[in-house]
Amino acid sequence: MPLVFELCPGRMVGGDHPCFIIAEIGQNHQGDIEIAKKMIKMAKDCGADCAKFQKSELEYKFNKRALERPYTSKHSWGKTYGEHKRHLEFSHEQYRELQKYAEKVGIIFTASGMDEMAVEFLHEINVPFFKVASLDTNNFPYLEKTAKKGRPMVVSSGMQSMETMRQVYKTVKAHNKNFAILQCTSAYPLEPEHVNLRVITEYQKEFPDIPIGYSGHESGINISVAAVALGAKIIERHVTLDKTWKGSDHSASLEPSELSELVHSIRLVERALGNSLKQMLPCEKPCHDKLGKSVVAKVKIPKGTVLTLDMLAVKVAEPIGVKAEDIFQLVGKTVMKDVEEDESVTPDLV
């Protein structure tokens, strides 16, 4: 049984607990706090468990030359990358405002801390868990400092190797047992042939004592639903109000109708997964009683006859006789009274 832990107050993940669904708002809010609030409400209305953002302290995430480089993409909000990122970055006060709004509408609020100072701020405002973005997964000083904060962690694994992920596991585990790893491929949008859902199974073998999940950037919902069928305990998907908006993440994001369908489909699959005990269920009894086959006499069998297999057949019978799978157990037994041809062979006759 994979490790079960409390990711948020009152919300367990792993084991038989429901998949935890993260609506990754990221920076799809266009730098507009009112749009951000609408997206939080949308995530709640669609049934997601968590609305997640991305928090950066830009001077700690980028060096000066990275912030000063020209940014001429059609998705740009400024002439330089620094201007672009500043447009999309909410202040500390705005984050507190968004956190209060999420609490008001009744959805869990957190963010990826995109640098160590951002993690310090998120710790200060008491987010329930830290999300580690793929770009920081091999940043081991960051991982260690974040793990030492003592909050649960969810770690994406885009752009990493299994060898690196083994080291990630050991680094976090040394300081914090409450964490999960997500299979992820960092491409936007993600083509199906690059998803590699089988990595989920490999992670389950490599790290059997932590929950494994999936962070997806593909189009549509089918692949994410399949991840749940493979045992993913956390699903993270980018969300948007409009895929045509400016920004490179929108095309790989889910609009409200898709997020609602994803949540519905995941909950349906969880019901369908059931348990691993194979047995005839009560709901199958009507079908069994109507069409289930049992043993009948292939020929007339006089009282006192020792049964052989060539005397018996399997048919849908009325009344129901000895179960079809028990036919071989009848061989060598003696009938207690005459049995007519095509008559059910019931347990009391032998």
Side-chain angles (χ1 to χ4, degrees), residues 2-3 5 7 13-14 19-24 26 49-50 52-56 61 110-116 118-119 122 129-147 149 151-218 223-238 248-249 252-253 266:
L3 176 71
F5 68 88
L7 183 63
V13 294
C19 179
F20 188 82
I21 302 171
I22 300 173
E24 164 69 297
D49 294 292
C50 176
K52 190 184 82 65
F53 290 80
Q54 296 173 5
K55 182 70 185 89
S56 299
K61 180 179 177 181
T110 195
S112 298
M114 309 299 276
D115 54 78
E116 290 180 15
V119 170
L122 294 172
F129 69 93
F130 293 128
K131 169 68 199 303
V132 178
S134 292
L135 58 87
D136 274 312
T137 297
N138 61 349
N139 182 350
F140 292 104
Y142 166 101
L143 280 181
E144 186 171 323
K145 289 178 182 178
T146 302
K149 297 293 186 187
R151 298 184 188 276
M153 296 169 63
V154 176
V155 184
S156 278
S157 62
M159 304 176 286
Q160 311 303 330
S161 67
M162 183 61 86
E163 182 179 351
T164 298
M165 293 313 299
R166 292 188 187 106
Q167 189 176 349
V168 168
Y169 170 86
K170 290 177 183 177
T171 299
V172 177
K173 191 77 171 179
H175 306 286
N176 190 339
K177 68 177 182 178
N178 295 328
F179 70 103
I181 288 175
L182 309 185
Q183 161 57 359
C184 178
T185 302
S186 298
Y188 305 80
L190 176 60
E191 295 300 322
E193 57 268 27
H194 299 142
V195 171
N196 292 333
L197 285 180
R198 287 192 176 97
V199 175
I200 292 173
T201 305
E202 290 305 305
Y203 280 163
Q204 289 165 340
K205 294 175 185 175
E206 284 280 340
F207 317 121
D209 59 345
I210 65 170
I212 302 301
Y214 174 69
S215 177
H217 308 121
E218 73 277 2
I223 289 170
S224 295
V225 175
V228 175
L230 283 175
K233 300 302 180 183
I234 298 171
I235 292 290
E236 178 186 65
R237 290 297 305 271
H238 286 254
S248 56
D249 285 350
S253 300
I266 286 174

State, yes or no, whether a side-chain contact exists between K145 and V119 at a heavy-atom distance under 4.5 Å.
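Not in contact.
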Are any of the side-chain heavy atoms of Y142 and E116 separated by less than 4.5 Å?
yes
Minimum heavy-atom separation for L122 and S112, please, with both atom names.
CD1-C, 4.0 Å
Do you know which two heavy atoms are closest between C19 and D49, and how far apart they sit?
O-OD2, 3.5 Å
Heavy-atom count around K173 NZ within 6.0 Å, excluding the residue itself: above 12?
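Check passes, neighbour count above 12.
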So, D115 side chain and A118 main chain: donor-acceptor pair closer than 3.5 Å or not?
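Yes; judged by distance alone, with no hydrogens or angles, the pair exists.
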Sub-3.5 Å donor-acceptor pair from the side chain of Q183 to the main-chain atoms of A232, do we have one?
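The answer is no, because no donor-acceptor pair under 3.5 Å joins these two groups.
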Which pairs of donor and acceptor atoms, one on a side chain in residues 156-165, lie under 3.5 Å apart (sequence neighbours left out)?
residue : atom : partner : partner atom : Å
S156    : OG   : K131    : NZ           : 3.0
S157    : OG   : L182    : O            : 2.6
S157    : OG   : Y203    : OH           : 3.0
Q160    : NE2  : S134    : O            : 3.2
Q160    : NE2  : G158    : O            : 3.2
S161    : OG   : T164    : N            : 3.1
S161    : OG   : T164    : OG1          : 3.1

Residues in ring-ring contact (aromatic ring centres under 6.0 Å, His included) with Y169, at least two apart?
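Applying ring-ring contact (aromatic ring centres under 6.0 Å, His included) to Y169 gives F179, F207.
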Assess the residue pair E218 and T185 against the criterion (side-chain hydrogen bond (donor to acceptor under 3.5 Å, both in side chains)); give the C-alpha distance rounded to whole Å, side-chain angles, the decisive distance to 0.1 Å, and a yes or no.
CA-CA 9 Å; E218 73 277 2; T185 302; over 6 Å; no
Using the rule given for side chain to side chain contact (heavy atoms under 4.5 Å, CB included), can you reason through S253 versus E24, listing the C-alpha separation, both sets of side-chain angles and the distance that settles it, and then say yes or no?
CA-CA 9 Å; S253 300; E24 164 69 297; over 6 Å; no
Below 30° counts as parallel, above 60° as perpendicular, anything between as tilted: where do the rings of H217 and Y188 land?
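It falls in the tilted class, 30° to 60°.
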